[in-house]
Each structure stands twice: as C-alpha cells, then as structure tokens.
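The structure under discussion appears below in the form of structure tokens.
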Amino acid sequence: MTNKISLFLFLVFIECYLATAREIVVQQKSDAAIPVTTMSPPEGNTTFIDGTTWCVARPGASQNDLQNALDWACGLGMANCKAIQQGGPCFQPDTLVSHASYAFNSYYQTNGNSDIACNFGGTAALTKRDPSYGKCAYSTSGSLVASAPPMLKRNSQSLVWSKLVVVLLVSYFWM
C-alpha cells in the first residue's frame, strides 16, 4: 500500500513539474513573439482622453505582416477571435484586413487601450470611428466579457502546486 501511495505522489509531483515547465515555455514564447517598434514611449490610455477608440488593421500593411500579426494576436496574444471564425458574426467579409482588425481591437481593448497595445509591428492604427457593422460588434474597454482575464493564466501555476500540497497533506494524514 505504501508503494502505491509513493508512486501516486511521485506521479502527482511529475505532473506539477511538467505543468510548471509548460507555462514557463509559453511565457518565454509570448515574451519573444512579435517585436513591437515604437517611435516614442506609450502615452497611456487614449480612450479616456479623446473618447472611445478602436484598434484596426492599417490598410496599407502587407498581407504577410498582417497575417503574422493576426496569428500572434489570436495565439500568444490571447485575443478573443471566436467571432471571426467561420460561422461567427464577424467572419464576413472573409478578408485578412477585416479579421485582423477584429483581433487587433480585441487585444487592444483587453490590454489597457494604450498606444503600444495597438501597434502589431506597424500593421495597426487607432480610430475614433466604430468599425462595428451588422451583427459584428467591436468591443470597447467597458464591454469586454468574452475573453478570459490574463490573471487566470498566471494563477494556474500556483493552483497546480496547491493541488500537490493538498495531496501531500492528505496522504501524510492518511498513512
């Protein structure tokens, strides 16, 4: 019985260790994903200075740069891109500029509405004109409900270790 419990505890420890290692790799990748070039430091939240702003794809950006920025925003950037998936309310028009605009704005609204959050390597720009159309509603800073808060991801590592501590305490008192 003791051997089974020891094996179980060892497996739980390995699971916790691997979960922590995966999160470290994801964090390292996200830190190095897309370099953001700016001419000046971010000026803070522009939404509250001049009214509501949205982040959209810059029309003159190259298709390759837009695609890379869109992939990053919907991947490591953790933008909420469900609406631009096939069948979603913002899938049509099925163009790179349209999809990138929606993803860029999602990222921008969840990351503080600062100038730096609407750069995407120079492929995005701020606008005061609401880009929403038909059933496709672009979010604003006060309307975000669909995306998971970034803190949830950061706290998952401590949650894994908390589970390990509970298992260890239970096994200690159970023996």
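In this text, all values refer to a predicted model and were calculated from it rather than measured experimentally.
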With rounding to the nearest 0.5 angstrom, report the OG1 to NZ distance, Thr53 to Lys128. 8.5 Å

Using a 3.5 Å distance criterion without hydrogens, assess whether the side chain of Arg58 forms a donor-acceptor pair with backbone atoms of Ala124. yes

Do Pro131 and Ser101 come within less than 4.5 Å of each other through their side chains, counting heavy atoms only? no

Say you draw a straight line from SG of Cys90 to NZ of Lys82; how long is it, rounded to the nearest 0.5 Å? 13.5 Å

Under a 3.5 Å distance rule, please check whether His99 uses its side chain to pair with a backbone N or O of Asp94 as donor and acceptor. no

Identified side-chain contact (heavy atoms from CB on, under 4.5 Å) partner of Val97 from the options Leu66, Thr123, Leu70, Val56: Leu66

Distance (rounded to the nearest 0.5 Å) between Leu126 CG and Cys118 SG: 4.0 Å

Hey, do the aromatic rings of Trp72 and Tyr107 have their centres closer than 6.0 Å? yes

Side chain to side chain donor-acceptor pair (under 3.5 Å) between Ser62 and Asn64, worked out: CA-CA 5 Å; Ser62 78; Asn64 190 41; 5.6 Å; no

Between Ser106 and Tyr102, is there a donor-acceptor pair closer than 3.5 Å when you use the side chain of the first and the backbone of the second? no

Can you tell me how far the CZ atom of Phe120 sits from the OH atom of Tyr108, to the nearest 0.5 Å? 11.0 Å

Distance (rounded to the nearest 0.5 Å) between Thr95 OG1 and Gln63 CD: 8.5 Å

Check whether any side-chain N or O of Asn105 sits under 3.5 Å from a backbone N or O of Cys55 as a donor-acceptor pair, and report yes or no. yes

Return the OH to CZ distance between Tyr138 and Phe104, rounded to the nearest 0.5 Å. 10.5 Å

State, to 0.1 Å, how close Arg129 and Thr127 come at their nearest heavy-atom pair, and which atoms those are. N-OG1, 3.1 Å

Linked, directly or transitively: Tyr133 and Trp54 (ILVMFWY side chains, under 4.5 Å): yes

